[in-house]
Protein chains: 2
Amino acid sequence: MGTTQLESVPEPKYWHLRTVLSEALDSEFSVGEILPNERDLAARFGVARATLRQALEQLELEGRLQRRRGVGTTVAPPRMGVAVGTDQDAWPGAAGDAWQPADCTLVVPPAAVATALETGAEEPVHVVRRSRVSHGQPVAAELLYIPAASVPELTAIDAPSGASRARAVLRELQHLELEGQDRAVELGSARADDAKELDRLPGAPVLVVTTRFLADGRTAALSVATYRADTCRLTFGDTGGVEIHHGPERQAS
Amino acid sequence: MGTTQLESVPEPKYWHLRTVLSEALDSEFSVGEILPNERDLAARFGVARATLRQALEQLELEGRLQRRRGVGTTVAPPRMGVAVGTDQDAWPGAAGDAWQPADCTLVVPPAAVATALETGAEEPVHVVRRSRVSHGQPVAAELLYIPAASVPELTAIDAPSGASRARAVLRELQHLELEGQDRAVELGSARADDAKELDRLPGAPVLVVTTRFLADGRTAALSVATYRADTCRLTFGDTGGVEIHHGPERQAS
DNA sequence: GAGTGGTCTAGACCACGTT
DNA sequence: ACGTGGTCTAGACCACTCA
């Protein structure tokens, strides 16, 4: 496997390398297998380590590789499907949802959140932190913003803070009737705290799912969930979801 | 604005730089404004150009900046909301959808597509290329795979190829009754052809939306649409969608 | 302590858009 | 022709995991 020469169209080296490695992953490696280290790989392909790393970053972004500092680079399993569009008629915290409440605080929200909630900028909101685990590994971290007005009967006494308080807030939320929800998905990079929870480095690519829950003609809750973009495929709709992967045979065109 | 020093927790330089630049974008720049070039910026912050570029890449990934070779780096407008979850009951190509057919070919599909279509590996499918433009710029490129069995009455004569052939295939598709659809979203990197159509470089981050259209108890069509991740926020659900941005203290919009 | 990936440097040259 | 961002190099050191 030396470097091949077909430079009539000067394709970047790292891009060509990405293709070569991608094909090698299909044909010569199996899931979980450890690749040679970056210095060896770079030497083998006759490129600088930085260039080799550019190719690896691409493949990691595409969910083909998993790299861990101090450990090595391994072949990643196919992305797991994570259902996002279900529970169309249920509040967060309803029986059997995929989330596990971790904490709850009462704060004055950031300006952007206050705007989306259509509430006063000074009005305090409950912030529930939740995490989602799938197939034994963390896939998402969520911040749930709930205006105090949405849970008027919440007693601050019996659950002052922590997970029990979070559960109490979610329980109160069920009393409202959910009228609908808006959802948006965009690319982002993990903040330091989310990154830690997702077992990634800060700045790791994440899919940010923003959901607005409507009740009483207003926004009763706002969820900002960040999913690991490298390991997750977000599925919407009724059934399990579509499966399209890379494979040994590509680009018949 | 020199480099500040708080290294008790050795935060990476590029990450700190990203934060500093992000705040500067909020307070000192307006949308469309041109930033100083990379060499000047690197010198101003006392870092190597590669480090400065790492920070810029983060900000571009987050949709805050737009960089174009030969031109410069500009402050990006907020991401545009692009509706993806509507048309729940309509086929692709139905009246007034957002897509513009560009081409159509008849090929034996890649293995991965054949699997998702639940059709024989050798069975030919129509591949319709479409593009989507929003607010005057291209936002998505799509490949629509339609098994020949889904459009049995298509006459190959009157529209041999090109956009007119694509329209003919889509027209035939409307005769089937749509029973449902599955949708999934994941992160990917643009292939060379898609990148060109999206006015980006190969490898640019894209949101890949895979939709399976069901009719007659089988998969009657499969859409693989790649959206520019830097400029698009995919919206689902009934109304316009949620808006959450970064922002200093105001939402002037 | 050995080995891994992550960060950073100071250069060089290239491809592209504008002038 | 010039200035821009994009690619690439050959090093160095750091942070982390694990035996």
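Bear in mind that the values here come from a model prediction, so they are computed numbers and not experimental data. Naming convention: chains lettered A, B, ... in sequence-line order (proteins, then strands); numbering from 1 in each chain.
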query: Just how far, in rounded Å, is P of C:dT7 from NE2 of B:His16?
result: 16 Å
task: For the pair A:Arg132 and A:Glu142, find out whether any cationic side-chain nitrogen is under 4.0 Å from an anionic carboxylate oxygen.
output: no
query: D:dC16 phosphate, OP1 or OP2: any side-chain N/O from A:Arg68 under 4.0 angstrom?
result: no
- prompt: Are B:Leu234 and B:Tyr227 close enough that some pair of their side-chain heavy atoms sits under 4.5 Å apart?
  reply: yes
field: Selected nucleotide, minimal atom distance to A:Leu201 side chain, candidates C:dT4, C:dG6, D:dG5
entry: C:dG6
message: Can you confirm whether the side chains of A:Ser189 and B:Glu62 place a donor and an acceptor under 3.5 Å from each other?
response: yes
- request: Would you indicate, yes or no, if D:dG3 has its OP1 or OP2 atom less than 4.0 angstrom from a side-chain nitrogen or oxygen of B:Asn37?
  value: no
statement: Sequence neighbours excluded, the answer for salt bridge (charged side-chain N to carboxylate O under 4.0 Å, His left out) partners of A:Arg228 is A:Asp230
Gap between atoms CG and C1', on B:Asp40 and D:dT4 respectively (whole Å): 11 Å
- request: Grab the CG-P distance between B:Leu59 and D:dG5 for me, whole Å please.
  value: 14 Å
field: Interatomic distance, B:Phe29 atom CZ to B:Leu65 atom CG [nearest 0.5 angstrom]
entry: 9.5 Å
query: B:Leu35 has an atom CG; how far is it from atom P of D:dG3, in whole Å?
result: 19 Å
Report, one line per pair, each donor and acceptor closer than 3.5 Å where one atom sits in a side chain of residues 102-114 of chain B; sequence neighbours left out.
from     : atom 1 : to       : atom 2 : distance (Å)
B:Asp103 : OD1    : B:Gly162 : N      : 3.4

- request: Take atom CD1 of A:Ile34 and atom P of D:dT17, then tell me their distance rounded to the nearest Å.
  value: 16 Å
field: Any B:Arg53 side-chain nitrogen or oxygen under 4.0 Å from OP1 or OP2 of D:dG5
entry: no
- request: Figure out the CD/C1' separation between A:Gln54 and C:dG6, and round it to whole Å.
  value: 15 Å
- line: Angle separating the five-pair end axes of the helix from C:dG1-D:dC18 to C:dT18-D:dA1, nearest 10°, is 10°
message: In whole Å, I'd like the distance from the CG atom of A:Leu41 to the P atom of C:dG3.
response: 17 Å
task: Mind checking salt bridge (charged side-chain N to carboxylate O under 4.0 Å, His left out) for B:Arg67 and listing every partner two or more places apart, or none if nothing turns up?
output: B:Glu38, B:Glu60
message: For a quick check, with a 4.0 angstrom heavy-atom cut-off, what is the B/S/- contact string for nucleotides 9-19 of chain C, read 5' to 3'?
response: B--BB-BBS--
query: Under 4.0 Å: is that the gap between some side-chain N or O of A:Thr73 and OP1 or OP2 of C:dT4?
result: no
Between C:dT7 (P) and B:Arg18 (CZ): distance, integer Å: 13 Å
message: With a 4.0 Å cut-off on N to O distance, would you call A:Asp26 and A:Arg64 a salt bridge?
response: yes
field: Under the salt bridge (charged side-chain N to carboxylate O under 4.0 Å, His left out) test, residues paired with B:Glu23 that sit two or more places apart
entry: none
